[in-house]
Amino acid sequence: MIILLPIVCIALGVLIPYVLHLQPAHGIEATYLAVACIAGLDTVCGGIRTGLEGKFHNDVFLTGFFSNILIAFFFAWLGDKIGLDLALAAVLVLGTRIFTNLSLIRRFLLTKWQDERQRRKLQRQSAPATTNT
């Protein structure tokens, strides 16, 4: 059930601007907002992964969420001030982490599904043997 919370929040984040008829951000604000969203998405993917692994902690998630957003925002701002596109570097690093987390989530769920199939197969095979004796 807790895995649905990030999905619902992402859906709300997409729907609210359409319902309220908000104008899209332009210029440097759009860059800062995009970097902050990617940082938040990275944290959400990491939270889902740790939740599936049974290692999720609310305090670690919340502090990671806000610190990732602030650090990514700071990199984008600093890059803007010194004339380098550090926002691109932040997005590259965070994008890599997102893909890594999604890969681990996929692998975890696939292994869990395969183990469940194997367990059911073994139960079916052992069930006739126990009824015949």
Side-chain angles (χ1 to χ4, degrees):
M1 183 65 175
I2 191 141
I3 201 167
L4 293 176
L5 182 62
I7 295 168
V8 169
C9 290
I10 289 171
L12 285 175
V14 170
L15 292 175
I16 288 173
Y18 288 114
V19 172
L20 297 178
H21 304 291
L22 298 176
Q23 297 299 318
H26 296 288
I28 197 65
E29 295 86 12
T31 302
Y32 294 158
L33 183 61
V35 168
C37 287
I38 294 293
L41 185 60
D42 169 53
T43 308
V44 168
C45 288
I48 292 170
R49 180 182 56 90
T50 57
L52 289 171
E53 293 173 350
K55 301 176 185 177
F56 182 82
H57 298 286
N58 282 332
D59 53 346
V60 174
F61 176 78
L62 289 175
T63 57
F65 184 80
F66 290 111
S67 64
N68 279 355
I69 289 173
L70 289 174
I71 291 167
F73 185 86
F74 175 73
F75 275 156
W77 176 82
L78 180 64
D80 188 41
K81 295 301 175 195
I82 62 176
L84 291 175
D85 196 3
L86 292 180
L88 183 60
V91 168
L92 180 67
V93 170
L94 293 169
T96 302
R97 288 174 37 137
I98 290 169
F99 281 114
T100 300
N101 282 329
L102 289 174
S103 172
L104 291 170
I105 291 167
R106 177 192 51 81
R107 186 174 296 138
F108 180 85
L109 292 174
L110 183 62
T111 302
K112 187 176 177 181
W113 177 71
Q114 288 173 338
D115 289 347
E116 182 64 25
R117 264 186 41 194
Q118 184 67 21
R119 186 185 62 77
R120 278 193 244 139
K121 182 179 176 183
L122 291 172
Q123 283 179 343
R124 282 194 306 265
Q125 289 174 347
S126 66
T130 57
T131 58
N132 290 337
T133 53

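Residue numbers run from 1 in the order of the sequence given.
Of all the heavy atoms in Val44 and Phe61, the pair that sits closest is CA-CE1, 4.0 Å. The two residues Gly64 and Thr43 come nearest to each other via the heavy atoms O-OG1, 3.7 Å. Nearest approach of Phe56 to Gly47, heavy atoms of both residues: CD1-O, 3.6 Å.
Criterion: ILVMFWY side-chain heavy atoms under 4.5 Å apart, direct or through other members. Under it, Phe74 and Leu84 are part of a common hydrophobic cluster. Cluster annotation: Leu33 is not connected to Phe73 through the hydrophobic network of ILVMFWY side chains, with a link wherever side-chain heavy atoms come within less than 4.5 Å. Using a 4.5 Å cut-off between side-chain heavy atoms of Ile, Leu, Val, Met, Phe, Trp and Tyr, with links allowed through other members, Leu104 and Leu109 fall into different hydrophobic clusters. A continuous path of ILVMFWY side-chain contacts below 4.5 Å connects Leu12 to Leu20, so both sit in one hydrophobic cluster. The hydrophobic clustering, which links ILVMFWY residues whose side-chain heavy atoms are closer than 4.5 Å, places Ile82 and Tyr32 together.
Here Ile16 contributes atom CD1 and Leu22 contributes atom CG; the two are 9.0 Å apart, rounded to the nearest 0.5 Å. Atom OG1 in Thr111 sits 9.0 Å away from atom CZ in Arg106 (nearest 0.5 Å).
Residues satisfying the ring pair (Phe, Tyr, Trp, His ring centres under 6.0 Å) criterion with Phe75, sequence neighbours excluded, are absent altogether.
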Would you be so kind as to tabulate the donor-acceptor pairs closer than 3.5 Å made by side chains of residues 90-103, with sequence neighbours excluded?
| residue | atom | partner | partner atom | Å |
| --- | --- | --- | --- | --- |
| Thr96 | OG1 | Leu92 | O | 2.8 |
| Arg97 | NE | Asp42 | OD1 | 3.3 |
| Arg97 | NE | Asp42 | OD2 | 3.0 |
| Arg97 | NH2 | Asp42 | OD2 | 2.7 |
| Thr100 | OG1 | Thr96 | O | 2.9 |
| Asn101 | OD1 | Arg49 | NE | 2.7 |
| Asn101 | ND2 | Arg97 | O | 3.4 |

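Contact check for Gln114 versus Gln118: no side-chain heavy atoms found under the 4.5 Å cut-off.
In this structure, Glu116 pairs ionically with Arg120, as a charged nitrogen and a carboxylate oxygen lie closer than 4.0 Å.
Heavy-atom neighbours of Phe66 CZ from other residues, nucleotides or ligands within 6.0 Å: at or below the threshold of 12. For Arg117, the CZ atom counts as loosely surrounded, since its 6.0 Å shell holds 12 or fewer non-hydrogen atoms of other residues, nucleotides or ligands.
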Test Leu122 against Arg119 for side-chain contact (heavy atoms from CB on, under 4.5 Å), laying out the working first.
CA-CA 5 Å; Leu122 291 172; Arg119 186 185 62 77; 5.9 Å; no

